[in-house]
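Structure, as structure tokens:
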Amino acid sequence: MSVASAPCCEVRKLVRNVPKVSFTPIWYPVDQYATSRLRAKYVVELLAGDPVWDVELTHDPTADIAVIVQLCSDQTLESVSRNRRQIVVYDVCDRFFATDNIFKTDEGVLHARRRCLEVIDRADVLMAPTMRLRNELADLFPGKPCFYIPESIDYRVSPRPATAVGSRRLVWFGHVTRGNFESARWIIDYLKSHYEYEPVLVTTPNTLSHNFPAYSPFCVPWSVENVQRELSMAELCVVSHAADEPTKSPNRFVAAMMHGVPTLVSGSPSCSEILSAAAHDMFAVETPYALGRAVRELSDPDKRRSYVQDVQLEMWRRHSPEVVRRAYVELFERLLPGNDNY
């Protein structure tokens, strides 16, 4: 690219010593994985027009800062281990340091706990999508500076009006593993049997049929388009986390509410924190009695509209694109204090 033909922000990058940041998620294609979208692709897009930071969605050994998202390949680990001058930020995302998960990758079998600890050992800085996970990391790895960096809103949706009463469609979406679906079953079953809601499970059909075959008839294959379509038609949504996953992100809750779907949450401290801040604690349900009360409340169009609007305001305050962009810029400025581009 020549200076004459480059956009204004690119001209500044060409003629000045602009710091480079690379984001490297473990899972590809990035659009099919929430963590890859939220913690890598969307961030790169948010910063793409920034005149100060040169960002890219791939590992680059020449980058000043390398952000590793969730886990990494053998090749990436070898690269950052050799290059000790590169600042490595490890976006931990999940509690893989405390699990025995095994994944199949192009390089073979990946032992999540071992790889997570290897990257933590190399990292200069840790970051996390919730304060609970940030605090746990700070306690376990006191020698590593650790920061909370919020996630943007999945599917790039802006606040939409509350969906209407009447469809009786109850949407659950995401991966069925790690307790995501198991912890929601009691809500889905109760609303189906007591209130005649029709479950709509937007997920990977093969995984659902293997782990929960009785729920296969309710499956809609996961895709970005299917999630957005089903949320637009839903009367309610449910988001829950397993008891042993108390540090998980509220990203599904945020996405559903921003689509205008009144959402019931269970077992999720990060979601309950948002509800409490918006003064709608009653929609965090842990018992059939609390569930029934919440459903009756949301049958009133005015009350469901108020619930959606209040919570959307709180979510926008925490997760809007500008809030997320600023959080990353402030982190990078901390890591490169000698940078005089501002």
Side-chain angles (χ1 to χ4, degrees), residues 18-50 52-77 79-80 83 86-96 101 103 105-107 110 112 115-116 118-120 122-130 133-134 137 146-157 174-175 222-224 227 247-252 254-255 318-332 335-336:
V18 174
K20 181 184 289 186
V21 183
S22 68
F23 284 78
T24 310
I26 181 66
W27 303 122
Y28 289 84
V30 292
D31 284 329
Q32 294 184 16
Y33 297 91
T35 301
S36 298
R37 292 192 304 272
L38 291 166
R39 308 297 285 183
K41 181 183 179 182
Y42 289 178
V43 184
V44 169
E45 292 174 349
L46 282 174
L47 294 170
D50 193 290
V52 174
W53 300 96
D54 186 8
V55 293
E56 55 187 350
L57 187 60
T58 184
H59 179 65
D60 185 346
T62 71
D64 300 278
I65 300 172
V67 182
I68 294 176
V69 178
Q70 199 169 43
L71 294 168
C72 73
S73 66
D74 294 344
Q75 184 178 1
T76 300
L77 180 62
S79 175
V80 296
N83 186 1
Q86 188 172 59
I87 298 172
V88 175
V89 178
Y90 183 20
D91 190 352
V92 179
C93 299
D94 290 292
R95 299 180 70 253
F96 285 136
N101 296 75
F103 300 105
T105 73
D106 293 341
E107 295 179 331
L110 177 65
R115 179 51 45 87
C116 181
E118 288 172 336
V119 182
I120 288 174
R122 168 59 184 92
D124 299 286
V125 171
L126 308 179
M127 56 185 273
T130 66
L133 182 53
R134 180 263 168 211
L137 290 168
C146 189
F147 298 89
Y148 160 65
I149 303 291
E151 291 177 334
S152 190
I153 300 162
D154 207 359
Y155 309 108
R156 301 189 188 87
V157 65
H175 292 291
W222 186 94
S223 70
V224 170
V227 170
T247 64
K248 291 195 73 171
S249 157
N251 64 73
R252 287 184 295 138
V254 173
R318 294 166 179 251
H319 299 283
S320 72
E322 178 55 26
V323 167
V324 174
R325 189 197 71 82
R326 191 66 225 172
Y328 277 92
V329 168
E330 290 176 357
L331 174 61
F332 298 156
L335 299 179
L336 294 174

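Count residues from 1 along the sequence.
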To the nearest 0.5 Å, how far apart are [atom1] in [X] and [atom2] in [Y]?
| X | Y | atom1 | atom2 | result |
| --- | --- | --- | --- | --- |
| Ile87 | Asn83 | CD1 | CG | 10.5 Å |
| Leu71 | Phe103 | CG | CZ | 6.5 Å |
| Thr130 | Leu133 | OG1 | CG | 4.5 Å |
| Thr35 | Asn251 | OG1 | CG | 7.0 Å |
| Tyr28 | Ser73 | OH | OG | 8.5 Å |
| Cys72 | Arg115 | SG | CZ | 5.0 Å |

Would you check, one step at a time, whether the test salt bridge (charged side-chain N to carboxylate O under 4.0 Å, His left out) holds for Glu322 with Arg326? CA-CA 6 Å; Glu322 178 55 26; Arg326 191 66 225 172; 5.9 Å; no
Does the side chain of [X] reach to within under 4.5 Å of the side chain of [Y], using non-hydrogen atoms?
| X | Y | result |
| --- | --- | --- |
| Asp64 | Val21 | no |
| Pro129 | Ile149 | no |
| Leu335 | Val125 | yes |
| Trp53 | Val329 | yes |
| Val69 | Cys93 | yes |
| Tyr328 | Phe147 | no |
| Pro150 | Arg318 | no |
| Leu126 | Ile120 | yes |

Between Lys20 and Asp60, is the salt bridge (charged side-chain N to carboxylate O under 4.0 Å, His left out) condition met? List the steps. CA-CA 9 Å; Lys20 181 184 289 186; Asp60 185 346; 3.2 Å; yes
Nearest heavy-atom pair of [X] and [Y]: which atoms, and what distance?
| X | Y | value |
| --- | --- | --- |
| Tyr155 | Tyr42 | N-OH, 3.2 Å |
| His319 | Ile153 | O-CG1, 3.6 Å |
| Pro19 | Leu336 | CB-CD1, 3.6 Å |
| Val30 | Lys41 | CG2-CD, 3.9 Å |
| Arg122 | Gln86 | NH2-O, 2.8 Å |

Could you check Met127 against Cys146 for side chain to side chain contact (heavy atoms under 4.5 Å, CB included), going step by step and ending with a plain yes or no? CA-CA 5 Å; Met127 56 185 273; Cys146 189; 5.9 Å; no
For the pair [X] and [Y], find out whether any cationic side-chain nitrogen is under 4.0 Å from an anionic carboxylate oxygen.
| X | Y | answer |
| --- | --- | --- |
| Asp94 | Lys248 | no |
| Arg37 | Asp31 | no |
| Arg252 | Asp154 | no |

For residues [X] and [Y], is any side-chain donor paired with an opposing acceptor at under 3.5 Å?
| X | Y | answer |
| --- | --- | --- |
| Ser79 | Thr76 | no |
| Glu151 | Ser249 | yes |
| Asp91 | Gln70 | no |

Would you check, one step at a time, whether the test side chain to side chain contact (heavy atoms under 4.5 Å, CB included) holds for Val89 with Ile65? CA-CA 7 Å; Val89 178; Ile65 300 172; 3.8 Å; yes
Take Glu45 and Arg156 through the side chain to side chain contact (heavy atoms under 4.5 Å, CB included) test and state the conclusion after the steps. CA-CA 11 Å; Glu45 292 174 349; Arg156 301 189 188 87; 2.8 Å; yes
Among Thr58, Val67, Leu57, exactly one meets side-chain contact (heavy atoms from CB on, under 4.5 Å) together with Val44. Which residue is that? Leu57
When you look at Ile68 and His59, which way does the side chain to side chain contact (heavy atoms under 4.5 Å, CB included) test go after all the steps? CA-CA 8 Å; Ile68 294 176; His59 179 65; 5.7 Å; no
